[in-house]
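Report on the following structure.
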Amino acid sequence: MKKGDIIEGTIEKYSFPNRGSFVYEDRKINVKNALPGAKVRIRITKKKTGYAEGMVLDTLKASPYETKKPVCPHFYECGGCTYQHVAYTNQLRIKEQMVKDLLLPVVPELPWEGILSSPDPLQYRNKMEFTFGDAEKDGPLTLGLHRLGSSYDILEIRNCALVRPAWNEILKYTQKFFRDHKVSFYHRMQHFGILRHLVVRQSFADGGILVNLVTTTKHALTEPKAETALRVTDGAAPSKETGTGEEEGLRNQIIEELHLPEYVAGLVSLEASGKFETLTSHSHLAGVLYTENDSLSDAVKSDSTTLLYGQDHLMEEVLGLKFKVSPFSFFQTNTRGCEVLYGKVREYVLSVYDEAVGNAGVIYDLYSGTGTIAQMLAPVARKVYGIEIVEEAVEAACENARLNKLKNCEFIAGDVLQKLEEIEEKPDFIILDPPRDGCTPKALAKIIDYGVPYMVYISCKPTSLARDLVTLQARGYRVLRACAVDEFPNTQHVETVVLLGKEK
């Protein structure tokens, strides 16, 4: 066997995140996007000692799990969804088994409580980042998502099934608008062009939509940037709120060259036409933002953000608490699903806290984002400290605590490892909700050193959780309860929640 060979096989095993495998000539063959029981023809893309990797060329026999017609017309080309052709009950079974397969070797006597479903399998996302590019080399401007298996080709998205219908109308309008005005997209390898991303967020509390257009400045690699805030109201010309006259002039020039007043006016008209409304969802345009990003990476970042229309934030509600969501702050992308997730976290905390004392003492909420978990636990704690590295998220958390009239929450901006040293009051309970790669070894060691009797670990990547559980168990903690929560229906992603207790 060598790279480029074409072989056939039936998927025998399936593992996180969406990798099937079979044995061929005594060698394990890993195949992405192939479900158990499917017979596939693949091309070998990589050969290593003991295993190889392949790409599906054709499905010769469908998996028994493939019993449903995808709702989205883009499913077989788009890399966003994994399981639209699988009934939702079977999606849950697949995800639950993948998590258990990762955790059982680490925790043989796993106290497993199953998987909790999302209230909305479709149209559940409150945020998505769409990319400008082309569907083929030198093709017309395209706005959408990356094509399956490609880092460059952009698939035009017109009817995404994971978002509200209003978003699809915004995407179609935006693509046509900038095509008509012949504005180029940013070529991230050659570092030229203008349009980068369109970020859409929506409140599930009131239906408000925040549209954020992300571009280069066209002076990106040669001109200094201006920090200023300009406002366009109802499609009018921008007016300066802060900044020098020179900065205002540069910003106004860029805004006019990109036809942004006209773009905003078109979005307002689109809403007025009634295309945002459906029988099942209420949507309205809450605000439009323009973000300059001249970084070389493909991530959505802000060098400067300008409010063009309406408001620069959304208001969301989770478990009876109000949250102000700013353009770049982290918030769970499935609002109703995160109520299920956070409800389970609260249940785990309440199941072990010291009722004789009347509260759970001092709680550390590490990697706290906009402080959702911290504020949810504030009523049962004497004090909650949240640590988050994104300053904007910390500012939002402080404001949200004021909105919810919570006086026992304190939020700190910075790296968890460094900021833990600055808190004099030691924790009685720790909540861990780290990024996908889990805790760094030094941060995890510091957290364990506190010796708190209980922790709750929330993980969006079960492989990272399994790795960290090895360390936690070696240092005297054991898993008391564990479950999965399906925050991302129709995709391979899944959240896992674990309650840990210190052995006495």
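As the structure is a prediction and not an experimental result, all values here were calculated from the model.
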Reported CD-to-NZ distance for the pair E8 and K61, which is rounded to 0.5 angstrom: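 One gets 13.5 Å once the value is rounded to the nearest 0.5 Å.
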Gap between atom CZ of R201 and atom CH2 of W167 - 0.5 Å precision: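 That separation rounds to 9.0 Å.
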For [X], side chain to side chain contact (heavy atoms under 4.5 Å, CB included) partners two or more places apart:
| X | answer |
| --- | --- |
| P73 | N159 |
| L102 | F16, P462, T463 |
| Y152 | S150, R188, M189 |
| F177 | Y173, H181, H259, E262, Y263 |

Pairwise salt bridge (charged side-chain N to carboxylate O under 4.0 Å, His left out) hits with a residue in residues 444-460, at least two apart: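 Sorted result for residues 444-460: E421-K446, D449-R475.
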Partners meeting side chain to side chain donor-acceptor pair (under 3.5 Å) with K176 (sequence neighbours left out):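 Only D180 meet the side chain to side chain donor-acceptor pair (under 3.5 Å) criterion with K176.
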Partner set under side chain to side chain donor-acceptor pair (under 3.5 Å) for Q375, not counting sequence neighbours: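 With neighbours one apart ignored, the set is N404.
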In residues 450-461, what donor-acceptor pairs under 3.5 Å come from side-chain atoms, sequence neighbours left out?
from: Y450; atom 1: OH; to: L420; atom 2: O; distance (Å): 3.3
from: Y457; atom 1: OH; to: D468; atom 2: OD2; distance (Å): 2.5
from: S459; atom 1: OG; to: K461; atom 2: N; distance (Å): 3.1
from: S459; atom 1: OG; to: K461; atom 2: O; distance (Å): 2.9

Is atom NZ of K301 surrounded by more than 12 heavy atoms (other residues, nucleotides or ligands) closer than 6.0 Å?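 No, the 6.0 Å shell around NZ holds no more than 12 heavy atoms from other groups.
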Answer yes or no: does atom CZ of R43 have more than 12 heavy-atom neighbours from other residues, nucleotides or ligands under 6.0 Å?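 Count not over threshold, so no.
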Is there a side-chain hydrogen bond (donor to acceptor under 3.5 Å, both in side chains) between T215 and Y290? Walk through the geometry before answering. CA-CA 8 Å; T215 80; Y290 162 56; 3.3 Å; yes
Taking [X] first and then [Y], would you say they form a salt bridge - that is, a charged N and a carboxylate O separated by under 4.0 Å?
| X | Y | result |
| --- | --- | --- |
| R478 | E109 | no |
| K68 | E66 | no |
| E347 | K344 | yes |

Please, which pairs that meet ring pair (Phe, Tyr, Trp, His ring centres under 6.0 Å) have at least one residue in residues 465-490, sequence neighbours excluded?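 The answer is F488-H493.
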Just grab all the side chain to side chain donor-acceptor pair (under 3.5 Å) pairs involving residues 22-39, residues at least two apart or on different chains.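 Those involving residues 22-39 are N18-N33.
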Pairs in or reaching into residues 85-105: which pass side chain to side chain donor-acceptor pair (under 3.5 Å), with residues at least two apart or in two chains?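 Pairs touching residues 85-105 that pass the test: Y88-D486, N90-R93, Q91-N490, K95-D486, E96-W112, Q97-D101.
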Looking at R164 and A166, would you say the former's side chain and the latter's main chain have a donor-acceptor pair under 3.5 Å?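 Not at all, since once roles are kept as given, no pair shorter than 3.5 Å links the two residues.
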side-chain hydrogen bond (donor to acceptor under 3.5 Å, both in side chains) for S283 and Q202? Distances and angles first, verdict last. CA-CA 8 Å; S283 302; Q202 183 166 18; 2.8 Å; yes
Using a 3.5 Å cut-off and no angle test, enumerate the donor-acceptor pairs between side-chain atoms of residues 46-55 and protein atoms at least two apart in sequence or in another chain.
from: K47; atom 1: NZ; to: M1; atom 2: O; distance (Å): 2.6

